[in-house]
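Just so you know, these numbers use all the heavy atoms, side chains as well, and skip hydrogens, waters and symmetry mates. Not measured: the values here are computed from a predicted model.
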Amino acid sequence: MNLPKELLDFYRDLDNLINDYAGRITLPGMEITDAVLNRHYGEGVSLFELVQPEIDAEFCKNVFQDVCALLERRRPQVGGQLKTLTEAAEHAVVRLVSDYISGNDKNIKKLVEGSLISGMTVNFILECTARPFMQAFARLVGSCTKDEKWQRNYCPVCGSKARYGLIKQDDNKRFLQCSLCDRQWLFKRLACPNCLNEEHTTLKTIFIEETPDYQIHACEECRTYLKVFSTGEEAGNTGLKDAATVFLDIIAQQNGYVSNYFTS
């Protein structure tokens, strides 16, 4: 089952909007010292936690408003609920986006309670608002973290979970792609990106006959799955690719698995 064309068009417009803003953001240069890298690798702390960039308030507000406007235009069933959200978040967008990135949901929950919109939609809007800044941050500092030294199950740049995986055709290695900043990082081929299980007898690959470049990597221990593309594609267009491959989610969920992305 594929998504309706109008929904795919929405995700295409959304990715274009995010990529356009990401291309216009210029963050000040920052020094990644040996002390920072020692904590990064030794303690597994993301670079964002160690050297947080300042988020421009006006720019952030513009992204937030444009994401809401696109939702209202393309997804009217959700757009009608946005008025209370935009009014409540008028003077707190940067704080809410920062809270979303850091995983502090206290203020976000309070905002949801005071509006008519679901928590899932609020988090979706905040994620889309944060993505241009995190993509710009990843471009700035991404080269400072080395894949062979990381190989954890969360992003070395911002600490977020993977939206999906990629198997590079040239070396057959598996990379995870961040759901927030689009950073790709190397991860073990035979390991669950959720519970880190490495017992090969409980790790399962579901092949899709009609689309041989797409796979589902599932773990019998924690019953989670990861969508994996063996096309060697570059980073970017995360939301669109995720939406365009919803049939993989349906297959995995019909087999009793839960997405790695939606686990705590």
Quiz prompt | Atom CG of Asn38 with >12 non-hydrogen neighbours under 6.0 angstrom | solution =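 Enclosed: over 12 neighbouring heavy atoms sit under 6.0 Å from CG of Asn38.
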Quiz prompt | Within 6.0 angstrom of Glu6 CD, more than 12 heavy atoms from elsewhere | solution =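 More than 12 heavy atoms, drawn from other residues, nucleotides or ligands, come within 6.0 Å of this atom.
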Which donor-acceptor pairs under 3.5 Å do the side chains of residues 94-101 make with protein atoms, sequence neighbours left out?
{"from": "Ser98", "atom 1": "OG", "to": "Val94", "atom 2": "O", "distance (Å)": "2.9"}
{"from": "Asp99", "atom 1": "OD2", "to": "Asn107", "atom 2": "ND2", "distance (Å)": "2.9"}
{"from": "Tyr100", "atom 1": "OH", "to": "Glu127", "atom 2": "OE1", "distance (Å)": "3.0"}

Listed partners of [X] passing side-chain contact (heavy atoms from CB on, under 4.5 Å), at least two apart:
{"X": "Asp171", "answer": "Lys168, Lys173"}
{"X": "Thr202", "answer": "Asn197, Glu199, Glu220, Glu221"}
{"X": "Thr121", "answer": "Val78, Ile117, Ser118, Ile125"}
{"X": "Leu140", "answer": "Leu27, Met30"}

Gap separating the [atom1] atom of [X] from the [atom2] atom of [Y], nearest 0.5 angstrom:
{"X": "Tyr225", "Y": "Gln253", "atom1": "OH", "atom2": "CD", "answer": "4.0 Å"}
{"X": "Cys178", "Y": "Arg183", "atom1": "SG", "atom2": "CZ", "answer": "10.0 Å"}
{"X": "Asp34", "Y": "Ile32", "atom1": "CG", "atom2": "CD1", "answer": "11.0 Å"}
{"X": "Thr129", "Y": "Phe124", "atom1": "OG1", "atom2": "CZ", "answer": "9.5 Å"}
{"X": "Leu47", "Y": "Cys181", "atom1": "CG", "atom2": "SG", "answer": "9.5 Å"}
{"X": "Cys60", "Y": "Glu54", "atom1": "SG", "atom2": "CD", "answer": "11.5 Å"}

Quiz item: Ignoring hydrogens and geometry, is there a side-chain-to-backbone donor-acceptor pair from Arg189 to Asn172 under 3.5 Å?
Solution: yes
Quiz item: Distance-only, no hydrogens or angles: does the Lys204 side chain make a donor-acceptor pair with backbone N or O of Thr201 under 3.5 Å?
Solution: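 Side chain of Lys204 to backbone of Thr201: no pair is present.
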Quiz item: Are Leu226 and Tyr261 close enough, and set up right, to give a side-chain contact (heavy atoms from CB on, under 4.5 Å), and what steps lead you there?
Solution: CA-CA 8 Å; Leu226 179 76; Tyr261 177 65; over 6 Å; no
I'd like to check [X] versus [Y] (side-chain heavy atoms, cut-off strictly below 4.5 Å). Are they in contact?
{"X": "Leu180", "Y": "Arg131", "value": "yes"}
{"X": "Phe137", "Y": "Cys158", "value": "no"}
{"X": "Asn194", "Y": "Lys161", "value": "yes"}
{"X": "Val67", "Y": "Val63", "value": "yes"}
{"X": "His40", "Y": "Trp150", "value": "yes"}
{"X": "Ile206", "Y": "Tyr257", "value": "yes"}
{"X": "Thr224", "Y": "Cys195", "value": "no"}
{"X": "Asn255", "Y": "Ile216", "value": "no"}

Those residues that, when tested against [X], pass salt bridge (charged side-chain N to carboxylate O under 4.0 Å, His left out) (two or more places apart):
{"X": "Asp249", "answer": "Lys227"}
{"X": "Arg12", "answer": "Asp9"}
{"X": "Glu209", "answer": "none"}

Might you point out which heavy atoms bring [X] and [Y] nearest each other, and give the distance in Å?
{"X": "Gln135", "Y": "Ala22", "answer": "OE1-CB, 3.3 Å"}
{"X": "Phe175", "Y": "Asp147", "answer": "CE2-OD2, 3.6 Å"}
{"X": "Phe48", "Y": "Pro53", "answer": "CE1-CD, 3.4 Å"}
{"X": "Arg174", "Y": "Ala191", "answer": "NH2-O, 2.6 Å"}
{"X": "Pro156", "Y": "Thr145", "answer": "CB-OG1, 3.6 Å"}

Please enumerate all residues that pass side chain to side chain donor-acceptor pair (under 3.5 Å) together with [X], with sequence neighbours excluded.
{"X": "Glu43", "value": "Arg39"}
{"X": "Asp13", "value": "Arg74"}
{"X": "Lys149", "value": "none"}

Applying a strict under-4.5 Å side-chain criterion to I, L, V, M, F, W and Y, I'd like to know whether [X] and [Y] cluster together.
{"X": "Leu190", "Y": "Ile167", "result": "no"}
{"X": "Leu50", "Y": "Met134", "result": "yes"}
{"X": "Ile18", "Y": "Phe59", "result": "yes"}
{"X": "Leu70", "Y": "Phe64", "result": "yes"}

Self-check item: Contact list for residues 59-71, test salt bridge (charged side-chain N to carboxylate O under 4.0 Å, His left out), sequence neighbours left out
Solution: Lys61-Glu90
Practice problem: Show your reasoning for whether side-chain contact (heavy atoms from CB on, under 4.5 Å) applies to Asn62 and Tyr21. | Solution: CA-CA 10 Å; Asn62 290 340; Tyr21 269 115; 3.7 Å; yes
Exercise. Determine, stepwise, if the pair Gln177 / Arg163 fulfils side-chain contact (heavy atoms from CB on, under 4.5 Å).
Key: CA-CA 6 Å; Gln177 178 147 337; Arg163 180 84 73 174; 5.8 Å; no
Practice problem: Applying side-chain contact (heavy atoms from CB on, under 4.5 Å), run through Ser46 and Tyr154 and close with a yes or a no. | Solution: CA-CA 9 Å; Ser46 73; Tyr154 52 91; 5.5 Å; no
Quiz prompt | Asp182 bridged to Arg139 by N-O distance under 4.0 Å | solution =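 Arg139 and Asp182: not salt-bridged.
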